[in-house]
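The next block holds one structure in the form of structure tokens; read it before the comments.
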Amino acid sequence: MPLREHLLEVRKRLFLVSCGLVVGAIGGWFLYEPLLAALQAPLEAAAAAQNKVINLNYSGLATALDMKIKVSLFLGVLVSCPWWLYQLWAFITPGLTRKERRYAVGFLGASVPLFLGGAFLAWWVLPHAVDILAAFVPEGATNLTDAQGYLSFVMRLVLAFGLAFVLPVVLVALNFAGLVRSTALLAGWRWAVLIAFVFAAVMTPTPDALTMIFVALPICVLYFGAVGIAILRDRSTDKRNAAALSGA
């Protein structure tokens with residue numbers, strides 16, 4: 001595909017993704033209050049457990065409105081994940097046959113639960129991270145946490161975990177599209193494991209190694225699962241190609 005067509009395809013997919021996010025954000029706008037309460041819950045739990053004053057701080061007049069828009073978009077990303085994951089699949093695999101395009105169902109069937117599972121894992125890590133970080137607040141001090149900074153921290157954590165869990169499925173999609181061989185994926189397993197543990201160490205701001213291991217292990221398992229699927233796919237493709245050559 002020429003570069004111009006690639007750029008047009010990118011623009012098309014980004015436009016469709018944006019439409020899905022807007023629709024999801026509209027729903028998030030009406031669910032702002034319960035979602036904000038859920039976001040504040042880790043701060044309130046840490047404050048109660050440690051007998052400290054920890055609250056969100058709205059530093060500007062328009063900050064509350066900015067928060068509502070960002071929280072709505074955040075929920076929009078989560079709700080519309082089947083839509084924008086499908087757009088990712090459609091961009092990666094534009095040249096597949098009609099039969100191979102049916103794999104989109106399998107791609108979405110795997111990637112959507114994995115993305116939500118990664119987001120849930122991040123949500124599980126969040127209270128532990130907040131509790132540990134809040135412990136550094138001196139006794140008698142008041143911690144007024146910037147509302148937008150806290151929301152950005154939560155959004156990065158949830159989205160990063162969700163995308164990390166989807167990455168193995170993307171690797172399988174690249175393999176099905178003929179862009180990556182299983183041998184290349186298998187050869188880089190050491191780097192994959194290292195990156196998984198570095199990612200877990202960076203994205204879980206807790207000092208204990210156990211949490212890091214709990215986060216890194218599922219990512220490693222998913223990577224090797226993707227490698228196994230790619231190996232089976234390559235063997236099947238190689239057999240078909242060999243049969244076609246012998247028949248010719």
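Just so it is clear, the model here is predicted, and its values are computed rather than measured.
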Are any side-chain N or O atoms of [X] and backbone N or O atoms of [Y], one a donor and one an acceptor, separated by less than 3.5 Å?
X	Y	value
Lys52	Glu139	no
Tyr32	Ile69	no
Asn175	Val180	yes
Trp29	Lys68	no
Tyr150	Leu39	yes

Any luck finding a side-chain donor-acceptor pair between [X] and [Y] under 3.5 Å?
X	Y	value
Asn143	Thr145	yes
Gln50	Asp131	yes
Ser236	Arg240	yes

Give me the other members of the hydrophobic cluster that Trp83 sits in, counting Ile, Leu, Val, Met, Phe, Trp and Tyr linked by side-chain heavy atoms under 4.5 Å, directly or via other members.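 ILVMFWY cluster around Trp83 also holds Phe15, Leu16.
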
Using a strict cut-off of less than 4.0 Å between a Lys/Arg side-chain nitrogen and an Asp/Glu carboxylate oxygen, indicate whether Asp238 and Arg181 qualify as a salt bridge.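 Looking at Arg181 together with Asp238, the answer is yes, because their closest N to O distance falls below 4.0 Å.
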
Indicate if Leu56 and Leu61 have the same hydrophobic cluster label, given that clusters are the connected sets of ILVMFWY residues with side-chain heavy-atom separations under 4.5 angstrom.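 Unlinked, Leu56 and Leu61 end up in two clusters.
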
According to a hydrophobic-cluster definition based on side-chain heavy atoms being under 4.5 Å apart (Ile, Leu, Val, Met, Phe, Trp, Tyr only), do Val22 and Tyr86 belong together?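 No.
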
Do Trp191 and Leu194 come within less than 4.5 Å of each other through their side chains, counting heavy atoms only?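 A side-chain contact under 4.5 Å exists here.
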
